[in-house]
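Take a look at the structure set out below.
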Amino acid sequence: MKIENYPLKRSSYESWETIFQNPAPIDVQTYQTGSVVIDLDGTFNPNHLRSPRISGTVEVPILSHFVTHEKLGNFLLDAGLDKSYYRDPYGGVETPQKEEYIQDKNQDILYQLGDNASELNAVFLSHMHPDHMAGMRDLPKKIPVILGKGELEDYEPDLYGDFLEDVKTVYEMDFTEFESISPFPKCADLLGDGSLWAISTPGHTRGHISFVVNGLAGPKLLTMDVAFIQENISYGVAPSDYTWNVEEAQRSLDMLINFIRLFRGMEVTAGHALP
Ligand SMILES: [Zn+2]
């Protein structure tokens with residue numbers, strides 16, 4: 001595996017108002033590649049003052065987002081699950097967390113992408129957790145994978161599964177090269193035409209990113225795991241389970257909530273919720 005620096009171009013935009021006034025021919029379709037049962041106590045940080053303190057569990061979808069750009073081609077945001085979870089809830093990985101994933105037949109990312117799989121220009125990963133990248137095992141190895149700096153260093157493939165095995169090139173995005181467009185101190189124009197943005201939202205993991213898709217149908221915010229479910233946004237309480245740094249995770253959620261309040265018409269999708 002070759003690791004390179006993802007080349008970022010400086011955008012010509014200075015505000016989200018002007019970005020959203022210039023939408024691009026880009027659209028996003030969400031695939032559910034499986035599901036997982038999560039604890040509500042921990043989906044909301046129980047130590048947060050506004051924590052709803054609900055207990056119990058909820059089954060949530062495991063997602064991958066297929067992005068089509070009329071001029072620049074097709075991309076994937078997270079890879080979801082590959083087909084090995086249909087017969088084995090651990091996908092063949094002996095993880096110490098013993099996370100069980102549920103998958104129906106033909107729900108895996110490769111099956112749902114069909115012929116589009118071989119035509120992907122790149123896969124952007126929000127972060128390196130199995131439910132967001134296991135699908136890479138079934139995708140062509142020539143497709144470059146792009147992720148935030150810090151993810152590779154923190155990940156232990158021997159423990160959690162080597163999902164990027166045989167991928168030819170992994171590009172790291174260096175957050176010091178990101179630009180500041182209020183209210184975000186660090187964001188990046190991924191394709192160089194204002195159509196697809198990465199927002200640095202650390203906390204869930206060190207190099208976690210969220211996405212903004214600036215399409216003709218209106219802007220869409222994909223929070224990824226800054227919010228597991230929509231209620232993280234409505235309560236204003238970030239998850240604490242599976243979280244690298246709970247305080248930073250809350251700061252990133254507060255920042256996204258601020259953005260959502262500024263742009264009321266924007267479609268907002270949580271990391272484990274269908275749009
Ligand atoms: Zn997740």
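Along the sequence shown, residues carry numbers from 1. First listed ligand is number 1; within each ligand, the first listed atom is number 1. Excluded from the calculations below are hydrogen atoms, water molecules and symmetry mates; all remaining heavy atoms, backbone and side chain alike, are included.
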Using 4.0 Å as the upper bound for N to carboxylate O, is an ion pair formed by D27 and K220? yes

Under 2.8 Å from the Zn ion (ligand 1) - protein N/O/S, by chain and number: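 Near the Zn ion (ligand 1), below 2.8 Å, one finds D131 OD2, H132 NE2, D225 OD2, H272 NE2.
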
Between H204 and F228, is the ring centroid distance below 6.0 Å?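 They qualify: ring centres under 6.0 Å apart.
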
Proximity of F259 and W16 rings by center, below 6.0 Å: yes

Please verify the inter-ring angle class for F124 with F211; under 30° counts as parallel, over 60° as perpendicular, anything in between as tilted.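 Perpendicular: the ring planes of F124 and F211 meet at over 60°.
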
Salt bridge (Lys or Arg N to Asp or Glu O under 4.0 Å) contacts touching residues 164-173 (sequence neighbours left out):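 Passing the test, one end in residues 164-173: K149-E172.
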
Donor on one side chain, acceptor on other, S240 and T243, under 3.5 Å: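 Side-chain D/A pair, S240 to T243: absent.
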
